[in-house]
Amino acid sequence: MLLTLTTTHRPATDLGYLLVKHPAKVHAFDVPTGTAYVLFPEAADERCTAALLLDVDPQRLAAGRGGRRQQAAPESFALGQYVNDRPYAASSLLAGALAKVFRSALRGESRDRPELAGAAIPLEIRVPVLRCKGDAAALFEPLGWHVTVTPIPLDKVPEGHPLAGDSPYADLTLTGTLRLADALNHLYVLLPVLDDAKHYWVAPDEIDKLLRAGEGWLAAHPEKVLITRRYLAHRRSLAASALELLDRDDPDTVDAPADTAADEDAELPAVRRQSLAEQRRDAVLAALAGSGATRVLDLGCGGGALLSALIKDKRYTAIVGTDVSARALDLAHKRLRLDQLPERQRDRVTLWQSALTYRDDRLKGYDAAVLMEVIEHLDPPRLPALEASVFGHAHPATVIATTPNAEYNVLYEGLAGMRHSDHRFEWTRAEFAEWAQKTAAAHGYDVALSGVGEPDETHGTPTQMAVFTRKDPA
Ligand code: SAH
């Protein structure tokens with residue numbers, strides 16, 4: 001895997017200072033995926049090129065050194081983990097090596113040439129063999145690059161053969177006048193995005209890495225959704241939280257509640273996704289307000305989409321978010337900035353890790369419980385356990401549940417299957433009504449069913465909602 005970086009800013013050999021690598025030497029670094037070399041094929045006053053060459057060690061990749069299992073996703077045959085394009089094609093592995101080898105340059109730091117590190121200089125970046133599934137121009141051009149992508153044809157394949165034509169590889173050249181740090185951060189984020197293969201196990205700290213590398217450019221990038229999703233290897237809940245954090249920095253979207261609730265409709269077209277999430281949250285808030293509740297549970301709170309709205313409303317004196325996922329709670333904690341809330345505010349909010357399929361005494365004594373887009377994440381045989389713990393054990397005066405209306409799905413162009421990859425089922429109106437009535441009857445509740453979102457005459461509304469009201473007063 002090879003990447004070269006050229007400047008004509010004079011004296012061009014200052015590139016060595018910026019990268020903290022002497023142009024006269026070959027530098028070798030041990031990285032988790034093999035050995036990275038930095039060398040300078042040309043180093044003159046008027047033009048200097050640094051090359052980053054990653055010599056991938058297939059055995060290390062297969063063994064997943066350093067506790068990080070490298071998932072060789074596209075290689076489904078037995079020797080695939082040894083025989084693959086990793087050693088040759090630039091990808092997330094190269095991005096990883098780049099981050100390690102040019103660490104201070106990525107941060108924009110330079111001990112010897114601090115001013116130059118902060119200045120835009122003429123740069124040319126070439127990646128001769130890039131595994132390229134996306135549209136490189138759409139990703140790099142908005143950042144100020146002139147982009148040349150030359151597809152690499154497959155050789156020795158007879159015409160008419162199914163494999164004839166261009167390979168999934170391309171030769172990429174970027175030219176522009178940018179800060180070196182910006183250039184490196186663009187590559188660090190966008191190489192894996194173009195590659196789109198999941199070589200890395202995505203840890204929550206990847207969000208922080210992405211936000212750090214994307215500082216100053218990602219929030220305003222027109223393809224930020226695609227970039228974030230792919231960078232985080234399609235782990236949707238992570239991608240949603242990262243987007244949300246990004247939106248904070250984007251002046252155009254400060255108030256846009258892009259949140260995990262929006263993420264619930266991950267497969268829907270973006271415009272609909274956003275507004276549906278808002279409508280759903282507002283419907284739940286209205287039902288809660290109508291119930292007169294002041295002490296509320298948000299069960300399966302995810303990244304805290306609803307909690308943040310509840311916190312803003314003074315009528316709620318005790319607000320609890322629970323989720324089975326520690327990661328979700330972690331994100332909610334960050335999103336709500338609980339650490340930064342004044343103590344009196346903070347005391348109103350609690351996050352608990354709790355599984356809805358187990359009775360939890362802590363959930364007793366609240367006025368209302370919300371299950372917003374949660375039931376469809378449970379395998380149907382586990383639902384009775386949820387009913388017993390929420391309606392039976394916690395037994396609040398009000399339970400509000402929302403779930404997708406499967407009938408409406410035909411109206412979403414391009415939606416194949418369900419709205420989210422983790423949904424175990426999506427119910428028709430009749431199925432939801434049957435469940436709601438049965439559950440209400442079993443636990444002493446009345447139930448009112450309604451729809452959320454733009455109604456369609458035949459297929460109903462995109463989201464359905466049930467408000468359960470306990471019959472006995474205590
Ligand atoms: N209510 C949030 C999140 C919906 S996503 C919103 O509307 O934005 C569904 C959430 O339910 C996820 O965060 C998932 O971790 C949680 N969940 C799934 N099964 C659960 C269980 N058995 N117990 C508790 N939470 C669960």
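In what follows, every heavy atom counts, from backbone to side chain, and hydrogens, waters and symmetry copies are set aside. In listed order, ligands and their atoms are each counted from 1. Quantities reported herein were computed from a predicted structural model and do not represent experimental measurements.
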Colleague: Got a second to check how far Asn405's CG is from Gln464's CD, nearest 0.5 Å?
Modeller: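 Rounded to the nearest 0.5 Å, the CG-CD separation comes out at 4.5 Å.
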
Colleague: Check ligand 1 against Glu373 and write out every atom of the ligand that is under 4.0 Å from a heavy-atom position of the residue.
Modeller: 4 (C), 5 (S), 9 (C)

Colleague: Is there a nitrogen or oxygen of Leu378 sitting under 3.5 Å from a nitrogen or oxygen of ligand 1?
Modeller: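 No - when backbone and side-chain N and O of Leu378 are compared with those of ligand 1, no distance drops under 3.5 Å.
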
Colleague: Testing Val296, Leu336, Val320 for side chain to side chain contact (heavy atoms under 4.5 Å, CB included) with Leu310, which one passes?
Modeller: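 Filter result, single survivor: Val296.
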
Colleague: Provide the number and element of each atom of ligand 1 under 4.0 Å from a heavy atom of Leu356.
Modeller: 21 (C), 22 (N), 23 (N), 24 (C)

Colleague: Would you say ligand 1 has an N or O under 3.5 Å from any N or O of Leu299?
Modeller: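 No; the residue has no nitrogen or oxygen that sits under 3.5 Å from a nitrogen or oxygen of the ligand.
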
Colleague: Heavy-atom distances under 4.0 Å are what count here, so tell me which part of Leu386 touches ligand 1: side chain, backbone, both or neither.
Modeller: neither

Colleague: Using a 4.0 Å cut-off to any heavy atom of Ser354, which atoms of ligand 1 qualify?
Modeller: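 This gives 23 (N), 24 (C) as the contact atoms.
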
Colleague: If the cut-off is 4.0 Å to any non-hydrogen atom of Ser325, which atoms of ligand 1 fall inside it?
Modeller: 15 (O)

Colleague: If you measure only the distance, is there a donor-acceptor pair under 3.5 Å linking the side chains of Glu373 and Thr402?
Modeller: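 Present: a donor and an acceptor within the cut-off.
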
Colleague: Taking C-beta and beyond as the side chain, do Arg419 and Tyr408 meet within less than 4.5 Å on heavy atoms?
Modeller: yes

Colleague: With heavy atoms of Gly302 as the reference, note each atom of ligand 1 found under 4.0 Å away.
Modeller: 3 (C), 13 (O)

Colleague: Ring-plane angle category for Trp435 and Trp427, please: parallel below 30°, perpendicular beyond 60°, tilted otherwise.
Modeller: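 Rings of Trp435 and Trp427: tilted, 30 to 60°.
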
Colleague: How are the rings of His221 and Trp217 set to each other: parallel, tilted or perpendicular (split at 30° and 60°)?
Modeller: perpendicular

Colleague: Please tell me if the side chains of Leu356 and Leu371 come closer than 4.5 Å, counting only heavy atoms from C-beta onward.
Modeller: yes

Colleague: Taking distance alone, with N or O pairs closer than 3.5 Å, would you say Asp298 contacts ligand 1?
Modeller: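 So ligand 1 has no N or O lying under 3.5 Å from an N or O of Asp298.
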
Colleague: For Ala355, counting its heavy atoms only, list the atoms of ligand 1 lying under 4.0 Å from any of them.
Modeller: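 In order of numbering, the contacting atoms are 23 (N).
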
Colleague: For residues Leu191 and Leu98, determine if any side-chain heavy atom of one lies less than 4.5 Å from a side-chain heavy atom of the other.
Modeller: no

Colleague: Using a 3.5 Å cut-off on N or O atoms only, is Ala305 in polar contact with ligand 1?
Modeller: no

Colleague: Report yes if some N/O of Val324 lies less than 3.5 Å from some N/O of ligand 1; otherwise report no.
Modeller: yes

